[in-house]
Chemist: 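I am attaching a structure below and will ask some questions about it afterwards.
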Protein chains: 2
Amino acid sequence: MELPRHGRSRLSDVAKLAGVSLGSASRALNNPSSVRPPTLEAVRKAAEQLSYVPDGNARSLVLRRSNTIGAVMPTLNNPVYADFLHFLQQGLSEAGYSLICSAHEYDQSVETLLVERLLQRGVDGLVLVGTDHDEALLSRLGLAGIPHLFTWSTDERSRGACVGFSNRRAMQKLTRHLIELGHREIAVLSGAQTHNERARARLAGIVDVMALHGLDLPPENVITCRFDIEAGRKGLREALALPRAPTAIMCTTDMLAAGALSEAIHLGLTVPADISITGFDDIAYAQMLSPPLTTIHVSAREMGLRSSEAIIRAIHGDPHEGAELGAELVVRGSTGPVRGKQQS
Amino acid sequence: MELPRHGRSRLSDVAKLAGVSLGSASRALNNPSSVRPPTLEAVRKAAEQLSYVPDGNARSLVLRRSNTIGAVMPTLNNPVYADFLHFLQQGLSEAGYSLICSAHEYDQSVETLLVERLLQRGVDGLVLVGTDHDEALLSRLGLAGIPHLFTWSTDERSRGACVGFSNRRAMQKLTRHLIELGHREIAVLSGAQTHNERARARLAGIVDVMALHGLDLPPENVITCRFDIEAGRKGLREALALPRAPTAIMCTTDMLAAGALSEAIHLGLTVPADISITGFDDIAYAQMLSPPLTTIHVSAREMGLRSSEAIIRAIHGDPHEGAELGAELVVRGSTGPVRGKQQS
DNA sequence: TTGTACGCGTTATCAC
DNA sequence: GTGATAACGCGTACAA
């Protein structure tokens with residue numbers, strides 16, 4: 001009696017112990033109704049006894065399907081992406097899929113490499129953030145016919161299904177709110193625009209509305225920051241040093257806004273009396289800052305769940321054009337009328 | 001000339017195009033120095049031309065190694081776990097590993113099921129949170145000889161390597177701080193204790209120090225909450241309704257503390273003059289609340305990176321007993337002396 | 001150095 | 001219903 005060499009027992013061991021053939025054992029486990037009750041019973045008992053666990057790799061090899069989805073995010077620890085990921089995983093897990101996740105930290109060449117790696121692993125589908133990706137990568141995905149989904153954005157969409165929202169229109173709403181409060185001098189703390197259509201779309205939304213009111217946004221008023229709280233602090237100091245002092249600071253992310261807000265307070269300013277500050281995302285902590293942050297609410301939870309459905313349908317060959325989600329203005333305490341001006 | 005059926009080209013296609021055998025092609029790609037330069041060149045060109053991507057499943061099958069690590073977290077969106085996950089992924093990715101992550105939402109039976117699924121997938125190693133797990137699961141892991149790592153806690157450790165810290169000692173420090181400020185009536189907002197040795201250890205740390213000062217913690221002063229901000233709000237209201245009004249609220253998590261703090265402010269209390277509030281974790285937003293939160297600082301980043309190293313070493317058969325990390329008291333504005341009492 | 005042949009663990013296709 | 005057997009795509013002894 002030869003023992004299995006790697007501790008793990010194989011289907012053939014189960015079959016042998018149950019006194020049936022390999023084929024019957026396989027069928028008993030995968031399609032119980034296609035086998036006689038006594039056979040089923042014997043196989044189940046043997047499997048239990050050997051604590052048999054099917055080998056997913058072998059199965060994937062022959063089935064051409066791994067029940068695995070890959071996700072490539074900018075980062076995993078930004079609260080909005082963490083939320084998204086959590087619910088994406090929940091949705092996928094319920095459907096029997098596992099999620100392989102990775103982060104490119106806003107480096108497109110890293111993203112391409114990570115996707116490459118996921119393709120090797122044989123993921124059944126791919127979830128990406130944004131619509132701006134390496135061109136070669138996109139055509140590879142198309143050629144290989146591997147189902148994929150773009151999320152967080154419907155801006156600058158060129159092809160493929162998206163589950164996201166219009167960052168541009170969302171930012172327009174927020175800008176309109178500031179304009180109505182009388183703000184004319186606006187500075188923007190933005191993430192880098194390269195390879196990031198969300199950053200571009202958000203900025204474009206601001207420019208749109210300002211232009212509509214005959215205002216322009218001088219280039220020096222757009223301050224490029226890294227995506228963390230500290231960068232927000234630094235950005236605010238830069239904004240205050242601008243030749244024409246801004247009455248409002250628009251941050252393209254709540255994390256940046258959190259940093260900017262705390263730095264403003266730290267410098268002795270009163271928000272919003274001295275200066276208004278806005279965010280984007282409405283992370284859970286936005287409402288707990290003081291003053292609570294005026295921002296754009298995005299439902300990362302819904303996006304995650306919808307994305308899990310969408311990618312699964314795509315895998316099943318179900319044509320699915322994605323979904324356009326909402327992103328609404330949430331007015332809180334960090335914005336107010338310009339000092340000495342009336343609300344228009 | 002038969003075309004590959006699934007769009008994807010196989011190694012045999014590469015070999016054919018390069019005019020060499022399967023073996024040579026394989027060697028050229030995996031062990032370039034074991035093949036003559038012209039052969040190498042030909043194979044590389046052919047692979048490039050066919051945009052050949054090795055099939056990870058087939059490779060894993062024969063190599064008995066998937067270059068994949070599984071992680072099962074409580075949730076992916078709690079900021080501390082999100083941070084941990086991010087840096088765990090970074091560390092693993094650098095070493096060529098992919099990370100499959102999932103969340104059990106504090107349900108141990110779900111955790112067991114998720115681990116089961118990961119084992120089927122053939123992960124090379126497993127990263128778990130905490131030391132309290134299903135007994136059957138642990139013995140399975142031991143029997144199967146699959147490398148695994150416990151994180152976030154060295155409390156109640158029974159076996160296996162940990163990368164974590166003593167939740168109990170950390171909470172002792174925090175409690176000592178409150179006692180020194182004169183607090184005697186303390187209420188605790190805690191997560192459920194079942195299947196969670198971190199929650200137990202944190203509570204034990206409080207009880208330890210109180211006992212040392214001849215104080216006891218009545219059962220009704222321990223309020224069990226879910227792990228989210230809203231639960232913190234609700235918990236604070238319960239705490240205020242206690243027969244003996246607490247002068248300090250200790251929350252076992254920053255998220256709970258954030259909720260409790262905001263509710264206290266909302267109810268018109270002044271923190272810390274009317275009541276002191278503490279957290280645990282020191283998430284990025286803890287210092288931005290008002291008042292900023294007194295808490296225990298835990299470096300999720302370091303824990304993530306160290307964990308990636310530890311699990312990889314474990315896979316390589318390198319004996320590695322894990323690491324005990326620090327967790328230090330950070331005193332900020334949310335704690336102060338009891339009204340009318342001197343600091344002892 | 002190179003080619004051949006076998007094995008990895010599973011599912012699917014056939015005859016029986 | 002069941003049992004042999006051929007795939008799935010790759011790595012690697014072994015022989016040449």
Chemist: Considering just the side-chain nitrogens and oxygens of A:Ser60, establish if one lies under 4.0 Å of OP1 or OP2 belonging to C:dT10.
Modeler: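 So the side chain of A:Ser60 is outside the cut-off, no N or O lying under 4.0 Å from OP1 or OP2 of C:dT10.
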
Chemist: Expressed as a whole number of angstroms, how long is the span from A:Arg8:CZ to C:dC8:C1'?
Modeler: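 Computing the A:Arg8:CZ to C:dC8:C1' distance gives 12 Å.
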
Chemist: Considering the options A:Phe87, A:Trp152, A:Tyr106, which one meets the ring-ring contact (aromatic ring centres under 6.0 Å, His included) requirement together with A:Tyr81?
Modeler: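 For A:Tyr81, the ring-ring contact (aromatic ring centres under 6.0 Å, His included) check succeeds only for A:Trp152.
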
Chemist: Please determine, for the side chain of B:Leu61, which listed nucleotide (D:dA4, C:dG9, D:dC10) has the closest atom?
Modeler: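 Closest nucleotide to the B:Leu61 side chain: C:dG9.
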
Chemist: Is there a donor-acceptor contact under 3.5 Å from the side chain of A:Thr154 to the main chain of A:Gly164?
Modeler: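 A pair under 3.5 Å: no.
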
Chemist: Using the C1' atoms of five pairs at each end, what's the angle between the two axes of the helix from C:dT1-D:dA16 to C:dC16-D:dG1, to 10 degrees?
Modeler: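 It works out to 40° between the end axes.
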
Chemist: What's the CG-C1' distance between A:Asn67 and C:dT10, to the nearest Å?
Modeler: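 Going from A:Asn67 (CG) to C:dT10 (C1'), I get 14 Å.
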
Chemist: Return the 5'-most residue of the pair A:Val62, B:Leu22 with respect to DNA chain D, ranking by each residue's nearest nucleotide.
Modeler: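 Its nearest nucleotide being more 5', the pick is A:Val62.
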
Chemist: Does a side-chain heavy-atom distance below 4.5 Å link A:Leu149 with A:Val163?
Modeler: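 A side-chain contact exists here, since the closest heavy-atom pair is under 4.5 Å.
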
Chemist: Ignoring backbone atoms, establish whether B:Arg59 has a side-chain N or O less than 4.0 Å from OP1 or OP2 of D:dC10.
Modeler: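 Answer no for this pair, as no side-chain N or O of B:Arg59 is under 4.0 Å from OP1 or OP2.
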
Chemist: Taking atom P of D:dG11 as reference, at what distance in whole Å does atom CG of A:Asn57 sit?
Modeler: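 After rounding, the gap between these two atoms is 13 Å.
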
Chemist: What is the separation between atom CD on B:Gln120 and atom P on C:dG9, rounded to the nearest whole Å?
Modeler: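 It works out to 15 Å between those atoms.
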
Chemist: Going by distance alone, is a donor N or O of one side chain under 3.5 Å from an acceptor N or O of the other, for B:His133 and B:Glu197?
Modeler: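 Side-chain D/A pair, B:His133 to B:Glu197: absent.
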
Chemist: Looking at B:Arg36, I'd like to know whether one of its side-chain N or O atoms comes within less than 4.0 Å of OP1 or OP2 on C:dT1.
Modeler: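 Answer no for this pair, as no side-chain N or O of B:Arg36 is under 4.0 Å from OP1 or OP2.
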
Chemist: Using whole Å, what does the distance between atom P of nucleotide C:dT10 and atom CZ of A:Arg65 come to?
Modeler: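 A:Arg65 atom CZ is separated from C:dT10 atom P by 15 Å.
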
Chemist: Tell me whether B:Asp13 contacts the main-chain N or O of B:Ser9 through its side chain, where contact means a donor paired with an acceptor under 3.5 Å.
Modeler: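 A pair under 3.5 Å: no.
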
Chemist: Measure the spacing between CD1 of B:Ile312 and CG of B:Asp318 and express it to the nearest 0.5 Å.
Modeler: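 That separation rounds to 11.5 Å.
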
Chemist: When the distance from CG of B:Leu29 to P of D:dG9 is rounded to whole Å, what number comes out?
Modeler: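 The answer, rounded to whole Å, is 16 Å.
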
Chemist: Given D:dT2, C:dG9, D:dG11, which nucleotide is nearest the side-chain atoms of B:Asn30?
Modeler: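 Minimum distance to the B:Asn30 side chain belongs to D:dG11.
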
Chemist: Between B:Ser26 and D:dC10, is there a side-chain N or O to OP1/OP2 distance below 4.0 Å?
Modeler: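 No, outside the criterion.
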
Chemist: Which listed nucleotide (C:dG9, C:dA12, C:dG3) is nearest to the side chain of B:Arg64?
Modeler: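 It is C:dG9.
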
Chemist: Just jot down the salt bridge (Lys or Arg N to Asp or Glu O under 4.0 Å) partners of B:Glu94, sequence neighbours excluded, or say none.
Modeler: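 In terms of salt bridge (Lys or Arg N to Asp or Glu O under 4.0 Å), with neighbours along the sequence ignored, B:Glu94 is linked to no residue.
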
Chemist: If you only use heavy atoms from C-beta on, which nucleotide in C:dT10, C:dT11, D:dT12 is closest to the side chain of A:Asp55?
Modeler: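 That would be C:dT10.
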
Chemist: Rounded to whole Å, please give me the gap between CG in A:Leu63 and P in D:dG9.
Modeler: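 Taking CG of A:Leu63 and P of D:dG9, I get 12 Å after rounding.
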
Chemist: Please determine whether a side-chain nitrogen or oxygen atom of A:Thr39 lies at a distance below 4.0 Å from atom OP1 or OP2 of D:dT2.
Modeler: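 So the side chain of A:Thr39 is within the cut-off, an N or O lying under 4.0 Å from OP1 or OP2 of D:dT2.
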
Chemist: Can you find a donor-acceptor N/O pair under 3.5 angstrom joining the side chain of B:Arg27 to the base of C:dG3?
Modeler: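 Counting by modelled atom types and ignoring angles, a donor-acceptor contact under 3.5 Å is found here.
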
Chemist: Closer than 4.0 Å, any side-chain N/O of A:Ser24 to the OP1 or OP2 of D:dG3?
Modeler: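 For A:Ser24, the contact criterion (side-chain N or O under 4.0 Å from OP1 or OP2 of D:dG3) is met.
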
Chemist: Taking for each residue the nucleotide of DNA chain D with the nearest heavy atom, is it A:Leu40 or B:Val53 whose nucleotide lies nearer the 5' end?
Modeler: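 Final value for this comparison: A:Leu40.
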
Chemist: Drop me the distance from B:Phe84's CZ to B:Thr151's OG1, to the nearest 0.5 angstrom.
Modeler: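 If we round to the nearest 0.5 Å, B:Phe84:CZ and B:Thr151:OG1 are 4.0 Å apart.
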
Chemist: Please state how far atom CZ in B:Arg10 lies from atom C1' in D:dG11, giving the value in whole angstrom units.
Modeler: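 It is 17 Å, rounded to the nearest whole Å.
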
